Amino acid sequence: MFVYYGKGVSGGIALGRVTVFEREHKQIRRDGVEDTTLEKRRFENAKSKAHDQLSKIYEKALREVGETNAEIFNIHMMMLEDDDYNESVIGIIEKQKVNAEYAVSVTGENFAMMFASMDDAYMRARQADVRDISSRLISCMSEENDDKTETENNSIVCAYDLAPSETVLLDKEKVLAFVTSRGSANSHTAILAGSMNIPAIISVGDELMQNVKDKDMMIVDGYSGRVIVNPDKKTLEKYEKKQNEDFVKKERLKRLKGKDNVTKDGRRINIYANIGAVENVGDVLLNDAGGIGLFRSEFLYLGKEDYPTEQQQFEAYKTVLESMAGKKVVIRTLDIGADKQADYFHLEKEENPALGFRGIRVCLEKTDIFKTQLRALYRASAFGNLAIMFPMITNDWEIDEILSMCDEVKRQLDDNGIPYGDNIEIGIMIETPAAAIISDILAPKVDFFSIGTNDLTQYTLACDRQNGQVGRFCDTHHKAILRLIEFATKNAHKNGAWIGICGELAQDTSLTETFIRMGVDELSVTPSNVLKVRQRVREMKIE
């Protein structure tokens with residue numbers, strides 16, 4: 001029996017047989033070339049192919065680990081266009097007259113070493129991202145499929161390290177847990193692990209991989225960071241008991257299915273779920289959410305060659321509404337731009353995309369696309385309880401233009417004898433300080449607000465949420481953010497509108513009581529967190 005210790009990044013107990021994952025180490029040859037133009041073209045083609053692969057991984061991550069965690073792969077796509085990285089690769093090809101694979105390999109290693117030498121822990125962890133991207137580019141040039149993370153059924157994956165893309169491509173139906181010798185708590189792999197709901201331990205040390213073999217029995221304690229290889233009978237029995245206790249706790253949560261979201265003194269709150277694809281509806285129902293508080297419609301557009309048709313959108317919305325059988329479904333209209341890009345939109349590259357042409361701004365300029373989506377939504381509303389929500393609002397005149405287009409679409413449907421719902425609620429997202437501050441002006445125009453705390457935090461604190469260097473300054477519990485939420489809540493209620501929260505803070509149970517005291521009506525969380533938030537609500541007494 002061998003015992004190792006690492007950093008637990010996702011809690012839980014797993015017992016099972018090991019699958020050793022060893023990435024094939026490609027020996028990159030340095031070949032002299034005459035035609036540097038051809039090599040530069042090969043590099044550009046590899047970038048294009050890598051971008052397509054990352055777009056698909058991004059979509060998978062959106063479905064499985066949520067919007068915030070999926071941003072990792074948007075960052076990877078942006079890193080493909082990094083000027084310094086690209087100039088280094090091109091410079092090596094031209095000056096040394098070498099093959100593109102070698103130029104990428106050298107550049108990747110140089111940039112990884114540069115990150116590794118930085119004082120900031122977050123920036124040091126970025127070396128894994130650079131290596132992941134460089135490896136992907138090299139694989140694209142050699143026509144290899146780099147997106148396979150094969151595992152046995154019911155296995156514990158052991159590796160020296162896992163790249164973020166390898167982590168998200170793990171088949172969660174087969175993998176009980178994963179353990180890596182290296183990595184850091186600030187790595188994107190560690191961040192992803194926490195969202196996958198499987199036990200995970202990193203930084204165990206290379207000795208583990210030197211000793212462990214396929215089919216070895218292993219215990220993974222994600223709570224303590226303890227890894228036990230080939231345990232004796234007594235240890236195995238001890239952890240089987242711990243695993244059962246852990247299972248009982250989770251089963252207790254399941255017993256909350258069908259229970260009300262009511263505090264001990266009678267305060268009620270709706271708990272809904274956030275999803276990004278039609279196939280996620282099953283998770284919503286499985287976890288007993290009261291409805292869907294955020295359906296991200298942009299995922300019908302991402303990763304496609306062209307705009308989805310009205311009929312394609314209608315079928316998707318109709319399926320979700322019918323599946324929810326009368327429960328409320330809040331569908332957010334197209335939120336493209338910034339970190340969510342689709343080439344066929346032909347959006348210009350921006351210096352500061354988070355503050356640029358995104359969300360409702362795109363829709364109000366590209367009105368044909370917007371009206372197509374609105375027609376699909378209104379047609380689908382005849383099949384369920386639909387609420388439509390518009391993102392990135394900063395002005396009251398934006399709502400006026402939106403409502404005018406909604407009226408135009410309804411008149412068209414009336415003229416064509418196409419039915420639509422009678423009681424469609426119209427809402428907006430409060431994700432900018434401007435919207436929160438003028439919420440008294442906005443509230444009379446709509447039926448509800450939904451607060452996107454991720455962007456509200458970013459814009460209020462002037463902190464890029466993807467920039468680890470400002471991590472300690474990006475306080476999600478900052479008084480300014482909580483005051484803006486409370487202010488918007490009061491203005492919503494004064495004007496007869498309800499208000500929900502659909503950002504990351506909605507599932508932060510340390511704030512659940514704060515939100516209920518404010519008067520927030522609804523919290524929309526990832527499906528797997530519905531019962532956890534319900535448990536917290538039922539435990540508390542407000543008065």
Side-chain angles (χ1 to χ4, degrees), residues 23-29 31 33 36-65 69-93 98-112 114-115 125-150 161-170 187-189 192 299 301-305 338-347 349 353 466:
R23 191 182 301 114
E24 181 183 352
H25 292 285
K26 306 178 183 75
Q27 287 284 60
I28 306 302
R29 290 174 48 186
D31 294 329
V33 299
T36 57
T37 300
L38 175 62
E39 294 305 307
K40 287 186 285 185
R41 190 181 307 126
R42 290 180 64 231
F43 172 56
E44 291 300 325
N45 290 339
K47 281 170 55 182
S48 178
K49 185 175 179 181
H51 188 280
D52 290 343
Q53 290 177 355
L54 287 166
S55 292
K56 290 184 175 68
I57 296 171
Y58 174 67
E59 289 182 49
K60 184 177 191 293
L62 282 169
R63 293 191 299 269
E64 297 185 0
V65 296
N69 296 305
E71 294 304 325
I72 294 165
F73 302 105
N74 263 322
I75 292 172
H76 282 201
M77 284 185 269
M78 287 189 281
M79 289 174 79
L80 285 173
E81 302 303 326
D82 181 78
D83 289 339
D84 292 332
Y85 185 95
N86 283 280
E87 285 171 8
S88 173
V89 173
I90 297 299
I92 291 172
I93 291 172
V98 291
N99 55 315
E101 291 92 338
Y102 178 78
V104 169
S105 178
V106 170
T107 296
E109 193 56 35
N110 288 344
F111 273 62
M114 177 182 68
F115 280 118
R126 300 290 68 76
Q127 62 181 295
D129 297 300
V130 174
R131 288 196 168 100
D132 193 6
I133 291 165
S134 300
S135 175
R136 180 173 298 280
L137 285 168
I138 291 168
S139 294
C140 288
M141 282 186 272
S142 62
E143 300 298 323
E144 294 178 8
N145 182 358
D146 203 38
D147 285 339
K148 288 184 178 178
T149 311
E150 298 292 345
D161 203 356
L162 287 170
S165 57
E166 290 166 340
T167 305
V168 85
L169 288 166
L170 288 171
S187 71
H188 281 146
T189 297
L192 283 167
F299 303 139
Y301 296 77
L302 295 172
K304 304 292 191 299
E305 298 294 326
D339 54 352
K340 304 185 195 92
Q341 295 288 334
D343 291 342
Y344 57 87
F345 273 80
H346 304 297
L347 301 180
K349 188 174 181 180
Q466 301 302 330

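Computed from a predicted structure; not experimentally measured.
Between the OG1 atom in T107 and the CD1 atom in I90 there is a gap of 9.5 Å [rounded to 0.5 Å]. Between H76 atom NE2 and D129 atom CG the span is 3.5 Å, to the nearest 0.5 Å. Here the CD-NZ distance, from E44 to K49, works out to 15.5 Å after rounding to the nearest 0.5 Å. Expressed to the nearest 0.5 Å, how far CD1 of I133 lies from CE of M79 amounts to 4.0 Å. In this structure, the separation between CD1 on I75 and CG on D82 is 12.5 Å, given to the nearest 0.5 Å. With rounding to the nearest 0.5 Å, the separation of OG in S55 from NZ in K60 is 15.5 Å.
With sequence neighbours excluded, no residue satisfies side chain to side chain donor-acceptor pair (under 3.5 Å) with T36. Evaluation of the side chain to side chain contact (heavy atoms under 4.5 Å, CB included) rule for A46 yields L137, C140, M141 as partners, not counting sequence neighbours. Under the salt bridge (Lys or Arg N to Asp or Glu O under 4.0 Å) criterion, R42 pairs with E39, E101, sequence neighbours left out. Take S105 and apply the side chain to side chain donor-acceptor pair (under 3.5 Å) test, not counting sequence neighbours, and it matches no residue. Residues passing the side chain to side chain contact (heavy atoms under 4.5 Å, CB included) test with E81, sequence neighbours excluded: K47, K349. Every residue meeting the salt bridge (Lys or Arg N to Asp or Glu O under 4.0 Å) condition with D31, not counting sequence neighbours, appears here in chain and number order: R29. The side chain to side chain donor-acceptor pair (under 3.5 Å) test applied to E87 returns no partner, not counting sequence neighbours. The ring-ring contact (aromatic ring centres under 6.0 Å, His included) check on F43 picks up nothing, with sequence neighbours excluded. Take V106 and apply the side chain to side chain contact (heavy atoms under 4.5 Å, CB included) test, not counting sequence neighbours, and it matches I92, Y102, N110.
Using a distance-only test at 3.5 Å, with no hydrogens or angles considered, a donor-acceptor pair links the side chain of S139 to the main chain of S135.
For the side chain to side chain contact (heavy atoms under 4.5 Å, CB included) with I57, the lone residue among E166, R136, M77 that qualifies is R136.
Two residues are said to be in side-chain contact when any heavy atoms from C-beta on lie closer than 4.5 Å; I28 and I138 meet this criterion.
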Decide yes or no on side-chain contact (heavy atoms from CB on, under 4.5 Å) for F111 and S88, but give the supporting numbers first.
CA-CA 10 Å; F111 273 62; S88 173; 4.2 Å; yes
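Annotation for V89 and A103: closest pair O-CB, 3.6 Å, computed over non-hydrogen atoms.
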